[in-house]
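In this text, all values refer to a predicted model and were calculated from it rather than measured experimentally. Residue numbering restarts at 1 for every chain, and letters A, B, ... go by the order of the sequence lines.
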Amino acid sequence: MPPQTRRMAFPKVVIERETDSEQSSSEEDEADVEQEEEELLESEKEGKVEEALDEKKKGKSPITISLKKVCKVCKKPGHEAGFKGATYIDCPMKPCFLCKMPGHTTVACPHRVATEYGVVPAPHKSTRNALEYMFERQIRPRVPPIKPAYVIPDQVSCAVIRYHSRRVTSLEFHPTKNNILLSGDKKGQLGVWDFVKVHEKIVYGNVHSCILNNMKFKPASDDTVYAASSDGTISCTDLETGISVSLMNLNPDGWQGRNSWRMLYGMDINAEKGAVLVADNFGFLYLVDTRSNDPTGKPILIHKKGSKVVGLHCNPVQPDLLLSCGNDHFARIWDIRRIEAGSSIYDLAHSRVVNSAYFSPVSGSKILSTSQDNRLRIWDSIFGNMDSPSREIVHSHDFNRHLTAFKAEWDPRDSSESLAVIGRYISENYDGAALHPIDFIDVSTGQLVAEVMDPNITTISPVNKLHPRDDVLASGSSRSLFIWKPKEKCELVEQKDEGKIVICAGAEKKRNRKLGDGSDDSDDDKFRPKGKNLKSKKYALKSSQYTIKVKR
DNA sequence: ATCTGATGCGTCC
DNA sequence: TGGACGCCCTCAGA
């Protein structure tokens, strides 16, 4: 037993029981344990536990470790943080896990992202000057006065479970073929999936050797995609053949240690200039000519030296305007016609790392940023000013290890430029299951428009992409991909789990072993659930438990 | 069932 | 300015 192993590592460990009803983990040591326990309780009464520990550090006497029930967060007794069923109880000694303010926990947080709690609007900035008057007269009439009714893709239409062998890090829809979704993973593999034919999917494993951070299609060439990776290269891949060439390699000499290994994160394409823009983990921007495949000019320092630049975005209306964001807590706007270190037009300050920043998709006049301080920010270049955000929306997305970073993305088809989608980190208790929904937020009001979830998806969905032409949302959750559609557009039978089309990529291995062939997924009774409850809270989507329906 | 490790950033010295 | 350390809701595999 591991606890025993650990115990062996110390001269002596005492496990303290809080109540008599609890059993000691080892009966052999019982006498010893009880004796030590008495000692410990004695010393604790007198407040000497720490002294005892100190003494034991210095001398040869045995170390005593109290395993009395304490909060795992603040290490103090009297309360415990953690899951009670599907509801997480916060540690009351820490600031709110959601908004980071002291004095309350998540449950009582006024910013709690749950429709019934409402939303506290941020103050709206407005300056009464002549310029604004002009904008109000000339530009406001062009902004659609009535928001289109939001169409929310809220039902899983199909999925590939364990499609990738590592977690999904980026998604991109094909620019012309409506049903093709590209996905990149932590291992650097590139997936191409036709989610209408469902079984037409492939994973190219030779594109990159580690995290595929960003993908963009080559303008005017539908089947060529660029990707930036933490292996320090930009790849250019032909989707038909899977043949990939490298545009740039920042680590030509291979691994020389962490201090010199360069990784590429943010990437975008300036079609007018015929340039791929990428940025690395040391704060530098590179421009690569797409015709010659050669870097143009020298790398330019655009963020704090040595800090990671995680996002680049060219303005959809003014492609020479570049938006960058990174680990130096800033998003910055640049004019790439005259870009050099320190020449940013605006520096948008955040209190922590900025995961993403995007210009609004139609007018390019707004910026939506996601920061690890658990806030979404809207910067409005027309109706606000760039000194401070016109709105801050508290939203749970601050988990920074083990998961792909959350990025709020605009709905590309929303002409009012107000709908954004982002996965939620913190879970909510939905009918007894702890689920992490994907949130649709009206960034003009801060209102939560919709939270979509599926009882079968128990993992967090940090990567989300709305389709540029259809009512479709693609989600990457752990190693799986999901396609969501509005309920009314799902031609599948409602309320029946077997209505969903699901492929289990992870089941292939087992199946190959059993059947002795390497064929693609097919209808196979062996993989239908055997009386398993599909809505079991944990691992509901483990391939062996889930219905595989192929075609309807 | 329970444990572990892969991991990135913030804070401290 | 850099290295060591610690960390609240992960996830998958052993």
Residue pair [X] / [Y]: nearest heavy atoms and the distance that separates them:
X      : Y      : answer
A/A81  : A/D90  : CB-C, 4.1 Å
A/V354 : A/H329 : CG2-C, 3.8 Å
A/G205 : A/Q189 : CA-NE2, 3.7 Å

Between [N] ([atom2]) and [X] ([atom1]): distance, integer Å:
X      : N      : atom1 : atom2 : result
A/H164 : C/dA12 : NE2   : P     : 14 Å
A/M263 : B/dG8  : CE    : P     : 7 Å
A/E80  : C/dC9  : CD    : C1'   : 15 Å
A/D398 : B/dT7  : CG    : P     : 21 Å
A/R166 : B/dG5  : CZ    : P     : 15 Å
A/F399 : C/dC8  : CZ    : P     : 10 Å
A/H350 : B/dG10 : NE2   : P     : 14 Å
A/Y425 : C/dC7  : OH    : P     : 14 Å

Using the side-chain heavy atoms of A/D90, tell me which of these nucleotides is nearest: C/dA12, B/dC9, C/dC8.
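The closest nucleotide is C/dC8.
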Just compare B/dG10, C/dG13, C/dA12 and give me whichever is closest to any side-chain atom of A/V353.
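Output: B/dG10.
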If I pick the P atom on C/dC8 and the same atom on B/dC12, what distance separates them, to the nearest angstrom?
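These two P atoms come out 14 Å apart once rounded.
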Categorize [X] for me: base, sugar-phosphate, or nothing, with a 4.0 angstrom heavy-atom threshold over every strand shown.
X      : result
A/K186 : sugar-phosphate
A/I426 : base
A/S478 : sugar-phosphate
A/P462 : nothing
A/R352 : sugar-phosphate

Does [X] put a side-chain nitrogen or oxygen below 4.0 Å from OP1 or OP2 of [N]?
X      : N     : answer
A/K308 : B/dC9 : yes
A/N327 : B/dG8 : no
A/H402 : C/dC7 : no
A/K72  : C/dC7 : no

On DNA chain B, does the nearest nucleotide to A/S351 precede the nearest nucleotide to A/R167 from the 5' side, or the other way round? Give the residue.
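Comparing both residues, the 5'-ward one is A/R167.
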Closest-nucleotide mapping onto DNA chain C: is A/K75 or A/L403 further toward the 5' terminus? I mean the 5' end.
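Mapping each residue to its closest nucleotide by heavy atoms, the 5'-most match is A/K75.
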Atom pair CD1 (A/I393) and CZ (A/R377), whose distance is rounded to the nearest 0.5 Å:
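A/I393 CD1 to A/R377 CZ: 10.5 Å, rounded to 0.5 Å.
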For A/F97 and C/dC9, is the gap between ring centres under 5.5 Å while the planes differ by less than 30°?
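Stacking is present between C/dC9 and A/F97, given that their ring centres fall under 5.5 Å apart and the planes under 30°.
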When you check the gap from the basic side-chain N to the acidic O, do A/E451 and A/R424 get nearer than 4.0 Å?
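So A/E451 pairs with A/R424 through a salt bridge.
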Quiz question: going by heavy-atom distance under 3.5 Å, is there a donor-acceptor pair between the base of C/dC7 and the side chain of A/R401?
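Donor-acceptor pair under 3.5 Å: yes.
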What about the rings of A/Y358 and A/H313, do their centers lie closer together than 6.0 Å?
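That pair passes the under 6.0 Å test.
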